Protein chains: 2
Amino acid sequence: MVSKACSLAPNVLSAQCPTRQALDLIADKWTTLLIYLLSKGKQRYGDLHRQVGGISQKMLTQTLRKLERDGLVTRHVYPEVPPRTEYELTKLGHTLIGPLGALCEWAGTHLSELEQARKRYDHLQKKAALSA
Amino acid sequence: MVSKACSLAPNVLSAQCPTRQALDLIADKWTTLLIYLLSKGKQRYGDLHRQVGGISQKMLTQTLRKLERDGLVTRHVYPEVPPRTEYELTKLGHTLIGPLGALCEWAGTHLSELEQARKRYDHLQKKAALSA
DNA sequence: CTGTATCCCCATAGATACTG
DNA sequence: CAGTATCTATGGGGATACAG
């Protein structure tokens with residue numbers, strides 16, 4: 001999995017590794033949600049806000065800005081009153097959908113196994129705690 | 001990307017979505033590093049500690065325990081003195097290598113584009129700040 | 001060797017209020 | 001409508017010390 005770039009330098013396994021960077025890119029609560037919503041086409045700020053539900057304006061703006069900075073999303077502001085802003089996945093952004101899809105598919109396939117494993121683990125822990 | 005399980009219920013896009021769960025699984029600083037190291041075969045606690053370099057004992061133990069709980073890793077303690085503990089990817093754990101590999105490959109392929117995009121964004125921001 | 005226990009810090013998310 | 005600005009606190013993570 002992790003590319004050769006860091007597989008050869010064990011103690012630098014942290015920051016410069018492409019995989020780390022890729023994960024840092026999407027490993028927060030909202031990023032993938034937004035990418036997913038935008039994969040269906042351009043959306044306005046308010047629309048995204050409504051659809052995500054639970055996200056604060058601060059986090060929405062912050063996450064969208066990060067995506068824009070990373071070149072995954074474009075931001076187009078229309079100089080109107082009231083203002084209108086449209087966000088859209090870039091070509092680069094679209095290329096991320098594939099890998100994320102793979103991860104999603106994995107999750108869908110193995111979710112029940114994960115839940116089973118957790119249940120089993122917690123059960124054993126509980127028993128161990130009781131016998132102590 | 002995000003599976004149908006949540007694509008139909010926009011406002012529940014948060015917790016129950018399989019993709020979210022998959023990401024939560026691996027979206028921390030150390031998890032993927034450990035999975036990567038273990039993908040090469042079973043390893044002892046100390047070996048992992050040395051190879052990751054920079055991780056605290058607390059986080060190493062905590063992360064390994066989480067992986068064990070999720071059924072991605074097995075933990076085998078040998079009742080010896082001094083103690084020996086070996087960690088190994090489970091069959092389920094191995095199935096995760098593929099999707100993570102896809103993400104890694106994406107990162108490797110597009111890392112330069114990301115860096116370019118960031119540089120460009122930051123440059124524009126700087127210019128905007130100066131002209132203000 | 002393989003952990004636990006404890007303290008502490010600070011980054012970050014959330015809430016709230018305000019603005020062009 | 002689409003954001004900023006500001007405040008707060010919470011809990012995740014590091015450092016350290018200790019234990020079986």
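Order of the sequence lines fixes the chain letters, A, B, ..., with proteins taken first and strands second; residue numbering starts at 1 for each chain. Only a predicted model underlies this, so the values are computations on that prediction, with no experimental measurement involved. Values below: every heavy atom of this structure, side chains too, minus hydrogens, waters and symmetry copies.
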- Message: Restricting to side chain to side chain donor-acceptor pair (under 3.5 Å), what partner residues turn up for B/T74, sequence neighbours left out?
- Response: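 Counting only residues at least two positions away or on another chain, B/T74 forms no side chain to side chain donor-acceptor pair (under 3.5 Å).
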- For B/R118, side chain to side chain donor-acceptor pair (under 3.5 Å) partners two or more places apart: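 Side chain to side chain donor-acceptor pair (under 3.5 Å) list for B/R118, sorted by chain: A/D70.
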- Only counting residues at least two apart or in another chain, list the ones meeting ring-ring contact (aromatic ring centres under 6.0 Å, His included) with B/H123.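 Residues passing ring-ring contact (aromatic ring centres under 6.0 Å, His included) with B/H123: none at all.
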- Of all residues at least two apart in sequence or in a different chain, which pass the side-chain contact (heavy atoms from CB on, under 4.5 Å) check with A/K119?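 If we apply the side-chain contact (heavy atoms from CB on, under 4.5 Å) test to A/K119, skipping adjacent residues, there are no hits.
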- Query: Taking only residues two or more places apart in sequence or in another chain, which ones pass side-chain contact (heavy atoms from CB on, under 4.5 Å) with A/D122?
  - Reply: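 Applying side-chain contact (heavy atoms from CB on, under 4.5 Å) to A/D122 gives B/R69.
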- Between A/Q51 and A/Q43, does any side-chain donor sit less than 3.5 Å from a side-chain acceptor?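 Distance-only check passes for A/Q51 and A/Q43.
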Less than 3.5 Å apart, which donor and acceptor atoms pair up between the side chains of residues 109-116 of chain B and the rest of the protein, not counting sequence neighbours?
{"from": "B/T109", "atom 1": "OG1", "to": "B/E105", "atom 2": "O", "distance (Å)": "2.8"}
{"from": "B/H110", "atom 1": "ND1", "to": "B/E113", "atom 2": "OE2", "distance (Å)": "2.7"}

- Item | Sequence neighbours excluded, every pair satisfying ring-ring contact (aromatic ring centres under 6.0 Å, His included) that has a member inside residues 77-104 of chain A |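 Matches after skipping sequence neighbours: A/H76-A/Y78.
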Starting from [atom2] on [N], measure out to [atom1] on [X] and report it in whole angstrom.
| X | N | atom1 | atom2 | result |
| --- | --- | --- | --- | --- |
| A/Q62 | C/dA15 | CD | P | 14 Å |
| A/R84 | D/dC1 | CZ | P | 13 Å |
| B/L48 | C/dC1 | CG | P | 14 Å |
| B/K29 | D/dG13 | NZ | C1' | 8 Å |
| B/M59 | C/dA5 | CE | C1' | 16 Å |
| B/I55 | D/dG13 | CD1 | C1' | 11 Å |
| B/L60 | D/dA15 | CG | P | 14 Å |
| A/D28 | C/dA13 | CG | P | 7 Å |

- Message: Does a side-chain N or O of A/W30 approach OP1 or OP2 of C/dT12 to a distance below 4.0 Å, or not?
- Response: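 Result: no.
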- Does OP1 or OP2 of D/dC1 have a side-chain N or O of A/R44 closer than 4.0 Å?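 Result: no.
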- Item | Angle of first-five versus last-five pair axes in the helix from C/dC1-D/dG20 to C/dG20-D/dC1, to 10 degrees |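 Taking five pairs per end, the axes differ by 50°.
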Are any protein N/O atoms closer than 3.5 Å to N/O atoms in nucleotides 3-11 of chain D? If there are, list each pair with its distance.
{"from": "D/dG3", "atom 1": "OP1", "to": "A/R75", "atom 2": "NE", "distance (Å)": "3.3"}
{"from": "D/dG3", "atom 1": "OP1", "to": "A/R75", "atom 2": "NH2", "distance (Å)": "2.6"}
{"from": "D/dG3", "atom 1": "OP2", "to": "A/Y87", "atom 2": "OH", "distance (Å)": "2.8"}
{"from": "D/dG3", "atom 1": "N7", "to": "A/Q57", "atom 2": "OE1", "distance (Å)": "2.8"}
{"from": "D/dG3", "atom 1": "N7", "to": "A/Q57", "atom 2": "NE2", "distance (Å)": "3.1"}
{"from": "D/dG3", "atom 1": "O6", "to": "A/Q57", "atom 2": "OE1", "distance (Å)": "3.0"}
{"from": "D/dT4", "atom 1": "OP1", "to": "A/R65", "atom 2": "NH2", "distance (Å)": "2.9"}
{"from": "D/dT4", "atom 1": "O4", "to": "A/Q57", "atom 2": "OE1", "distance (Å)": "3.3"}

- 5' precedence on DNA chain D between A/P82 and B/P83 (nearest-nucleotide basis):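 Looking at DNA chain D, the more 5' nearest nucleotide goes with A/P82.
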- Answer with base, sugar-phosphate or nothing: what part of the nucleic acid does A/E80 contact at a heavy-atom distance below 4.0 Å?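 A/E80: no heavy atom of the nucleic acid under 4.0 Å.
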- Message: So does B/T63 get a backbone contact from the side chain of B/W30, meaning a donor-acceptor N/O pair under 3.5 Å?
- Response: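 No, because the side chain of B/W30 does not come within donor-acceptor range (under 3.5 Å) of the backbone of B/T63.
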